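Here's the structure, in structure tokens; my notes come after.
Note that these values count all heavy atoms, side chains included, but never hydrogens, waters or copies made by symmetry. Model, not experiment: these values are computed from the prediction.
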Amino acid sequence: CFLHSTDLSSNVSSSQGKEREEGADDSNRKVDDEGDLSLELYGAEAGWVEARTSCPHLPAMPAASADELARVPAPDSQCSRCHHPSENWLCLICKDVLCSRFINKHMLYHYQETGHCIALSFSDLSVWCFACDSYLDAQSILELRPVYEVAHLLKFGERPPFRSLEVLDLSSGQNGGSSSSS
């Protein structure tokens, strides 16, 4: 399980998420006991979401060479389009920094324009795949570990406390790599 302290409506992205947020799709709505219409968010009532331990879109990321990792900007970088200073995401395909959908939606637009679907939040270092519409577990997906480690070093000045892959395999019952699909 992946605990996330922000509003869990932020876990919904792309056009499907936009429909849920704006209420365009009434099939996601329900009437509660008091007769109030509310938006049903999957996993939100429990307060957690489960991050994927694999993703078929990882091959789109460049290999984690020293030159590629040196391109990871500081976590306080501004959005390259509107220069907003916070709630920014790093595109893990091209290393562009763009603001979240709670600011001016530039990362979402970037995904829609380019197809670059994997991004890392500079707010909490979570990784999101727009195409899968899901968080990705940077602890268990080997391809994400190098860029996650660099972002963690830049943000906190120390290496992240990675869980061992053996513990991940035992707790999830899955392969720690990304070769299997979830």
Side-chain angles (χ1 to χ4, degrees), residues 1-14 17 41-77 86-102 107-108 110-111 116-182:
C1 295
F2 180 74
L3 294 176
H4 195 60
S5 60
T6 61
D7 175 7
L8 288 181
S9 64
S10 67
N11 297 337
V12 183
S13 185
S14 71
L41 294 173
Y42 305 101
E45 290 179 30
W48 59 270
V49 293
E50 188 154 341
R52 292 175 58 112
T53 57
S54 65
C55 172
H57 306 100
L58 292 171
M61 286 177 40
S65 67
D67 288 339
E68 189 62 30
L69 293 174
R71 294 182 56 216
V72 175
D76 60 354
S77 297
S86 61
E87 286 289 325
N88 291 320
W89 289 74
L90 172 66
C91 174
L92 295 183
I93 312 302
C94 68
K95 304 301 184 276
D96 201 1
V97 176
L98 299 152
C99 63
S100 80
R101 62 195 182 92
F102 293 112
M107 184 54 78
L108 177 60
H110 179 70
Y111 160 63
H116 294 178
C117 60
I118 304 173
L120 179 137
S121 167
F122 279 142
S123 295
D124 63 4
L125 302 184
S126 60
V127 178
W128 180 261
C129 177
F130 286 92
C132 291
D133 201 30
S134 184
Y135 282 102
L136 303 180
D137 187 347
Q139 292 278 331
S140 66
I141 299 174
L142 293 177
E143 294 90 336
L144 294 176
R145 279 187 168 204
V147 71
Y148 176 81
E149 183 173 5
V150 168
H152 195 281
L153 277 165
L154 291 170
K155 185 171 178 110
F156 300 110
E158 61 186 36
R159 299 176 78 129
F162 282 119
R163 300 180 307 241
S164 75
L165 292 177
E166 293 79 26
V167 170
L168 288 168
D169 286 344
L170 293 174
S171 66
S172 68
Q174 297 182 359
N175 182 338
S178 63
S179 59
S180 65
S181 62
S182 19

Answer whether the closest heavy-atom distance between the side chains of [X] and [Y] falls below 4.5 Å.
X: Ile93; Y: Met61; result: yes
X: Cys129; Y: Cys117; result: yes
X: Pro146; Y: Glu68; result: no
X: Trp128; Y: Asp133; result: yes

Any donor-acceptor pair under 3.5 Å from [X] side chain to [Y] backbone:
X: Arg52; Y: Tyr135; answer: no
X: Lys155; Y: Phe122; answer: yes
X: Gln139; Y: Arg163; answer: yes

Would you name the heavy atoms of [X] and [Y] that are closest together and state the gap between them?
X: Ala138; Y: Arg145; answer: O-CG, 3.3 Å
X: Cys91; Y: Met107; answer: N-CE, 3.5 Å
X: Leu153; Y: Arg159; answer: CD2-N, 3.5 Å

Rounded distance (nearest 0.5 Å) linking atom [atom1] of [X] with atom [atom2] of [Y]:
X: Glu143; Y: Leu136; atom1: CD; atom2: CG; result: 10.5 Å
X: Asn88; Y: Ser121; atom1: CG; atom2: OG; result: 9.0 Å
X: Asp96; Y: Trp89; atom1: CG; atom2: CH2; result: 14.5 Å
X: Leu125; Y: Glu149; atom1: CG; atom2: CD; result: 12.0 Å
X: Leu144; Y: Leu120; atom1: CG; atom2: CG; result: 8.5 Å
X: Leu92; Y: His57; atom1: CG; atom2: NE2; result: 14.0 Å

(request) On the 0 to 90° scale, with breaks at 30° and 60°, tag the Phe162-Tyr148 ring pair as parallel, tilted or perpendicular. (result) tilted
(message) Ring-plane angle category for Phe156 and His152, please: parallel below 30°, perpendicular beyond 60°, tilted otherwise.
(response)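 Phe156 and His152: tilted rings.
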(message) Any donor-acceptor pair under 3.5 Å linking the side-chain atoms of Asp67 with those of Ser65?
(response) no
